[in-house]
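Following: one structure in C-alpha cells, then a few remarks.
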Amino acid sequence: MSSVNNFVITVATANGSGSQSSNNVLVRTLFRMGLPVGGKNLFPSNIQGLPTWFTIRVNEKGFTARKRLADMVVAMNPATASEDMKLVHPGGYVLLSADAKLPESQWRPDVHVISIPFKKIVDNVTDSVKLKKLLVNMAYVGVLAELLGIPESALDATIEHQFGDKSSVIETNKKAIAAGRAYAAEHLKDVDLPWEVAERAGQNDGKILIDGNTASAMGMVFGGCTVVAWYPITPSSSVVESFIDMASEYRIDADGKKNFAVVQAEDELASIAMVLGAGWAGARAMTATSGPGLSLMAEAAGLSYYAEIPAVIWDVQRVGPSTGLPTRTMQGDLHAAYYLSHGDTKHVVLLPGTPEECFEYGQVAFDLAERLQTLVIVLSDLDIGMNLHGATKFAYPEKPFARGKVLSAEQLAAAGRFQRYKDVDGDGVPYRTLPGTAHPTAAYFTRGTGHDEAGLYSENPETYKANVDRLSRKLDTARLLVPRPVADVQPDNKVGIVTFGSSHEATSEARFLLQRNSICTNYMRLRALPLTLEFEEFLASHDRIYIVEQNRDAQLMSIVRSEMPQYSSKCVSVLHYDGMPLDPDFVYEQIHAAEMVST
Amino acid sequence: MSGETNRVGLNKTDYVGAKSTLCVGCGHDSITSHIITAFYQSSVDPYKVSKLSGIGCSSKTPAYFLGRSHGFNSIHGRMAPVATGVHLANSSQQLIGVSGDGDTASIGLGSFAHMLRRNIPMIYIVENNGVYGLTKGQFSATAESGSKAKSGLINSFQGIDLCTLALEMGCTFVARSFSGDAKQMVPLLNLAIRHRGTAFIDVISPCVTFANHEGSTRSFDAVKSHNVHLQELGFVQPQQEIKVQYEEGTTQQVELHDGSRLILRKLLSAEHDIANRDLAFARLNEARNKGEFLTGLFYWDKDSRPLGEQLALPARPLSAVGEESRPSREALGKILSRFE
Ligand SMILES: Cc1ncc(C[n+]2csc(CCOP(=O)(O)OP(=O)(O)O)c2C)c(N)n1
Ligand code: SF4
Ligand SMILES: [Mg+2]
C-alpha cells in the first residue's frame, strides 16, 4: 500500500462533547489540500454522553468507503478507550488521551500507543472551564496536524472558512491547535508514521465535500419544491432543516414573501396527507421521513397511486424493523417503498447513489411525480444522507420544470369534453385540472374509491380492471422516464455486479480489489424502480450476477425474481446488514469466495 | 327562488351536485341542501371552492353539492391535513369540508385538533350522528353514555364534545346546529363562508337507519326534544334589506367586511357573548350537564388570522410558482462555496 495520502483515522469521543467541529476542520483541511477524502460519523441515538466515532479516510485512488480497521485511533473517550484500541490494525497507532487514565497493562502490545495529556495542552489557552472541554478536541487536531505534516496555513484557512466572521472563536481555536502542534513538536519528535500527507494543490478544485441530505435540500430549493410537510425523524430531519435554511435565503420573491411553505405536522399520517392536498391543488409538495414514518404513510401512498395525485416522499433509510437502530444505515425499505400500501400498488422509486444525484433528484422527483401524476419515493440512506462525500460541484440546473398534463380553462374550452381518468394519449397518463380553473367542465371529484374514466363512483368489474391495467401501463411509461442505470461494461467480462444507492462507494473499491486478483467484473448501478430494459439486458448478457444490497432479505433480488424470473438462477446475493456502512473488503471477500467456487 | 340569479349570475341549480345515494331521510342530505342554499345566497364563485372530506356516509356528501367545484374525498380521518395542503398550495381557494363523527372524533382526532391550532381557513362540518353509519351503526366517540345501539348495546363511555374540544384547541369559530334546522344552519354557513380561519360547525344529523330507535340519544325525536337554541341567528347579504322587525334591545348586529350583517337575537335568560371564549365554555358545560343539545354560535373571533397569513404566503398561489423561483447561478455558487 502506498504510504502517501492513504490512511484511515478514527476519532473516538463522546456524543455532545463538541468533537464535531474539530473533525470537520480536520476533514475539510485535508479536502482543501486536494486529497480525496471522506468522513463518516458513527453516532448513537442519544444527545449526550454515549460514544461516537468519526472516521476519516484519505485515499489517493478516491476510495472513501468504510474500512473495518483504522491506521490510527484517537481515543478521547475514557469510557471506551480500551475497546477503541481494537479499532486499529496491528502495527497501527493509538493516540490515547492521558485523561482517559487507561492503565498501561491494558494497552495493546501490537500497536504504537502514544499517551497525550490533552487537558493539560489546552490549559493555558483559555480560563473558561467550559471552553477547555471543547478545545481538547482542537488539541488533537493540532497534534495530528504536526504528525501528519498538515501545514498551518491550510488549517487556518479552513478555520476561517468554517467560523466566518466570529473572530474570537477563530482565535481561540487556532490557539488550541497551535498548543497541540507545539506539544507534538516537542514530545513526539520520535514518532515516525509510516504514511504522510502530501498536498495535491488544485486536485479538488471544482469539488465539494458534502452530505447527501444537504445536497437533497439544495436540489429541492432549485427544483421548485413549494410545499414541505414533515415530522422530525433521524436521519431525515436535516433534509428539511437544510431546506428551510436555504429556502429562507434564496426562495424569496421580490416583495419579500416566501415562495414556499413548510409545516411541521403532528405526525406522518398528516404530513403525507398535506402533501397530497397540496399536490392535488397543483403544488410541488414533498415530505422527508425514515422507516417508521414511511410505514405510517402507507394508506396515503395508495391514495396517491390510485387517485393519481403527485407527491414526493424522501426516505432517508435507517435500520429497521420498528424503531430499529435509528442512527445506523441500511437499505431495508426497498420493498416497503416499491409496494407501499394495500392492493396492487407499485411506485416509482428513485435510488440516489451520490450527493450529485441527491441534488439532481431534488428536481427529478417532482418532474416525475407531476408528469406521471403519482407518488415518487426517493430512497436515500443514512450513509449517503449524513456522511461526508466528495462530489463534483453541482451544475446549475437548466431543465424547465415538467409540470405534466394539466389543462387550463382555455384548453378545456377547446377540448370540449374532459374526463379525468381517460387515457387520451395511450401512455396511461390522463389529464388533470387544478382547483380554481374557471370552466364549467373543469371540476371533477377525486376519490380513493373505485371510479370510472370521468371520476364517477363505480364498482363495475370491467371498469375497475381497465383502470388498474391503465395504471400498469403508466408504470411502463415510468420505465422510460426514470433515471437510467449507470453501467461500466467490457464486452468480455462474464461476471456482473449490481448495486444501488450507497453500496456504490464500497462496491467500486471491491471491484478494484477483485481485478487485482484477476477477477474482472462488469457493473451496473440501478438508479430507479421500476426496472428498466438496460437492466434486463445486463442480466441477460452475464453468466453470473452478484446483487449487492444492504438488507437481510435480498429485497432487490426478490423484485428481480418476481419481475424477471428467467434470470434469477444466475443471480447471487451479497448481503450486508449489520447497520454499518458497507465495507469494500466484505464485498470483495464474498464475491471472491463465490468466484473461487464457480470457476 | 331557484329561478333567480345571484350576484355572480348563477341559479341555485348551479350549486347542486350529483344525486345523493344516502338512505332516504338521512340527516346528512338536509345539510347538503343548506350548504347549497348558503353558497348560492352568498354568491360564492364555485370555481373558487374546493370541497373536501374523509370517509363515511357524511364524507360522501361533497359529491352532492357544488358540482362545479373540485372535490376530494380522501381517506378516513385525514380531511384536515389534506385541507391544510390544499390551502398551502392555493390559499385563494375557499375550502369546505364535510366529515363524520367517526372520521373526526376517532381516527382523525389528532389531525382535527392540530388543524384547529393552525387555523386553516375552511368550513369544517361534522355531520354528527353518534354512530359509524357506513360500517353499520357501531357507536362513535361522540355518542352519549347510556345511549342504546340498534343491536341493544348500551354505550358506557363519555361522549367527546367536539365544540368544547374545538374551543380548547383555539378554534376561531365554534358552532353547533341540527340538520333539520335550516333557519339556524343557513345563517351559520353564510357567516362561516366569510370567516378567515377554521369555522367549525358540529351538526347533529340523525342516522335514520342505525340510530333512530327508542333509547338512542340521537333519534330525531330525542334530538328535537332536547334541542335548545342559544340565540336566534339571521344573516343579511350585502345590499340586502333587513325585512324582519326585531324588538329594541334584544338584537345585536355585526357588520362584516363585505357589508353583510350577522343578526343575533337573544333567547336565553343567561347572557352570551360570542366574542367571549370563557362564556362559550360555560354555556357548553351547562348544556352538557343538563343533557341538552344547545345549538347556535358559541364563539367567533372576527379578527382571526389564517395559517397562510401567518406563513406570509405570496399573493399568487404556490401552485403557480415555476422556474422563476429557481435561485440564480450566483446563489448556487454561493451555497456550494460553503462545502469547499
Ligand atoms: C383506515 C380505515 N379504517 C376503517 C374504515 C372503515 N370505515 C369507513 S367509514 C367508517 C366510520 C364512519 O363514521 P362517521 O365518520 O361517523 O361517518 P358516518 O358514516 O356516520 O356519516 C369506518 C370505520 C376505513 N374506511 N378506513
Ligand atoms: S346509514 Fe345512516 S348515516 Fe349512513 S346514509 Fe344511512 S341514514 Fe345516513
Ligand atoms: Mg357518524
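What you see below is based on every heavy atom in this structure, not just the backbone, and it leaves out hydrogens, waters and symmetry mates. Just so it is clear, the model here is predicted, and its values are computed rather than measured. Letters A, B, ... are given to chains in the order of the sequence lines, protein chains preceding strands, and every chain is numbered from 1.
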For this session: Please determine, among B/A89, B/A315, B/G322, B/G71, the option with the most heavy-atom pairs under 4.5 Å with chain A.
Result: B/G71

Exercise. Do you know which of A/G206, A/G448, A/P440 has the most heavy-atom pairs with chain B at a distance under 4.5 angstrom?
Worked result: A/P440

Exercise. Out of A/R28, A/K393, A/K207, which residue meets the side-chain contact (heavy atoms from CB on, under 4.5 Å) rule with B/F339?
Worked result: A/R28

Exercise. Heavy atoms, side chains only, cut-off 4.5 Å: are A/N259 and B/E324 in contact?
Worked result: no

Problem set entry | Heavy-atom proximity to chain B below 4.5 Å, by part of A/Y306 | neither

For this session: Give, for atom CZ of B/R68 and atom OG1 of A/T437, the distance between the pair rounded to the nearest 0.5 Å.
Result: 14.5 Å

For this session: With a 4.5 angstrom heavy-atom cut-off, could you sort out which part of A/A261 is near chain B: side chain, backbone, both or neither?
Result: both

For this session: Let me know if B/S92 has heavy atoms under 4.5 Å from chain A in its side chain, its backbone, both or neither.
Result: neither

Exercise. Are the charged groups of A/E398 and B/R326 less than 4.0 angstrom apart, N to O?
Worked result: no

Exercise. Counting heavy-atom pairs under 4.5 Å to chain A, which of B/L52, B/L313, B/T21, B/I55 comes out on top?
Worked result: B/L313

Problem set entry | Engaged part of B/S69 at the chain A interface, taking heavy atoms whose separation is under 4.5 Å | backbone

For this session: Determine, step by step, whether A/L303 and B/S74 satisfy the side-chain contact (heavy atoms from CB on, under 4.5 Å) criterion, reporting the C-alpha distance in whole Å, the side-chain angles of both residues, the deciding distance to 0.1 Å, and the verdict.
Result: CA-CA 8 Å; A/L303 176 64; B/S74 65; 4.2 Å; yes

Exercise. For the candidates A/G223, A/P397, A/A442, which exhibits the highest count of non-hydrogen atom pairs separated by less than 4.5 Å from chain B?
Worked result: A/P397

Seminar exercise, completed: Checked B/A83, B/A320, B/A18, B/P62 vs chain A; the most non-hydrogen pairs under 4.5 Å come from B/P62

Exercise. Taking the inter-plane angle between the rings of A/W280 and B/F72 on a 0 to 90° scale, is it parallel (under 30°), tilted (30 to 60°) or perpendicular (over 60°)?
Worked result: tilted

Seminar exercise, completed: The interface call for A/I252 against chain B, heavy-atom contacts under 4.5 Å, is neither

Exercise. Is it the backbone or the side chain of A/Q162 that comes under 4.5 Å from a heavy atom of chain B, or both, or neither?
Worked result: neither

For this session: Go through the atoms of A/A254 and report whether side chain, backbone, both or neither lie under 4.5 Å from a heavy atom of chain B.
Result: neither

For this session: Could you check which of A/H439, A/R32, A/M246 has the highest count of heavy-atom pairs closer than 4.5 Å to chain B?
Result: A/H439

For this session: Determine whether A/M274 and B/V82 make a side-chain contact, defined as any pair of heavy atoms from C-beta on separated by less than 4.5 Å.
Result: no

Exercise. So which of A/V263, A/V275, A/D255, A/N204 has the largest heavy-atom pair count under 4.5 angstrom toward chain B?
Worked result: A/V263

Exercise. If you take all heavy atoms of B/P314 and A/K258, which pair is closest and at what distance?
Worked result: CD-O, 2.9 Å

Problem set entry | Closest heavy-atom pair and its distance - A/A265, B/R118 | CA-NH2, 3.4 Å

Exercise. More than 12 non-hydrogen atoms from neighbouring residues, nucleotides or ligands closer than 6.0 Å to OH on B/Y64, yes or no?
Worked result: yes

Exercise. Is A/V221 close to B/P327 at the side-chain level, that is, under 4.5 Å between some pair of heavy atoms?
Worked result: yes

Exercise. So which of A/D267, A/L276, A/D205, A/T433 has the largest heavy-atom pair count under 4.5 angstrom toward chain B?
Worked result: A/T433

Seminar exercise, completed: Applying a strict 4.5 Å limit to non-hydrogen atoms, the region of A/N24 in contact with chain B is neither

Exercise. What do the steps show when you test B/R338 against A/D211 for salt bridge (charged side-chain N to carboxylate O under 4.0 Å, His left out), and what is the final call?
Worked result: CA-CA 12 Å; B/R338 288 190 213 165; A/D211 61 281; over 6 Å; no

For this session: Go through the atoms of A/R403 and report whether side chain, backbone, both or neither lie under 4.5 Å from a heavy atom of chain B.
Result: side chain

Problem set entry | A/I210 side, atom CD1; B/E340 side, atom CD - distance, nearest 0.5 Å | 11.0 Å

For this session: Look up atom NZ in B/K60 and atom OG1 in A/T449, then write down how far apart they are to the nearest 0.5 Å.
Result: 8.0 Å

Exercise. Does the pair B/L332 and A/M218 meet the rule for a side-chain contact (heavy atoms from CB on, under 4.5 Å), with working shown?
Worked result: CA-CA 9 Å; B/L332 179 66; A/M218 277 177 79; 3.6 Å; yes

Problem set entry | Partner chain B: residue of A/Y444, A/Y250, A/Y457, A/F394 with the largest heavy-atom pair count (under 4.5 Å) | A/Y250

For this session: Begin from the C-alpha positions of A/E249 and B/K334 and carry the test side-chain contact (heavy atoms from CB on, under 4.5 Å) through to its verdict.
Result: CA-CA 11 Å; A/E249 191 169 350; B/K334 240 176 107 181; 4.1 Å; yes

For this session: Counting only heavy atoms closer than 4.5 Å, note whether A/A300 contacts chain B via side chain, backbone, both or neither.
Result: both

Exercise. With a 4.0 Å cut-off, would you call A/K399 and B/E323 a salt bridge?
Worked result: no

For this session: Against chain A, work out which of B/L307, B/T84, B/I335 has the most heavy-atom pairs shorter than 4.5 Å and name it.
Result: B/I335

Problem set entry | chain B contact via A/A438 - side chain, backbone, both or neither, heavy atoms under 4.5 Å | both

Exercise. So which part of A/F445 gets closer than 4.5 Å to some heavy atom of chain B, the side chain, the backbone, both or neither?
Worked result: both

Problem set entry | Which portion of A/T158 sits near chain B, non-hydrogen atoms under 4.5 angstrom | neither

Seminar exercise, completed: So CG of B/L88 and OG1 of A/T226: to nearest 0.5 Å the spacing works out to 9.0 Å

Problem set entry | Side-chain donor/acceptor of A/H161 to backbone N/O of B/S337, under 3.5 Å | yes

Exercise. Can you find a heavy atom in the side chain of A/D253 that is under 4.5 Å from one in the side chain of B/R316?
Worked result: yes

For this session: Find the one option among B/G333, B/S325, B/A312 whose heavy-atom pairs under 4.5 Å with chain A are most numerous.
Result: B/S325

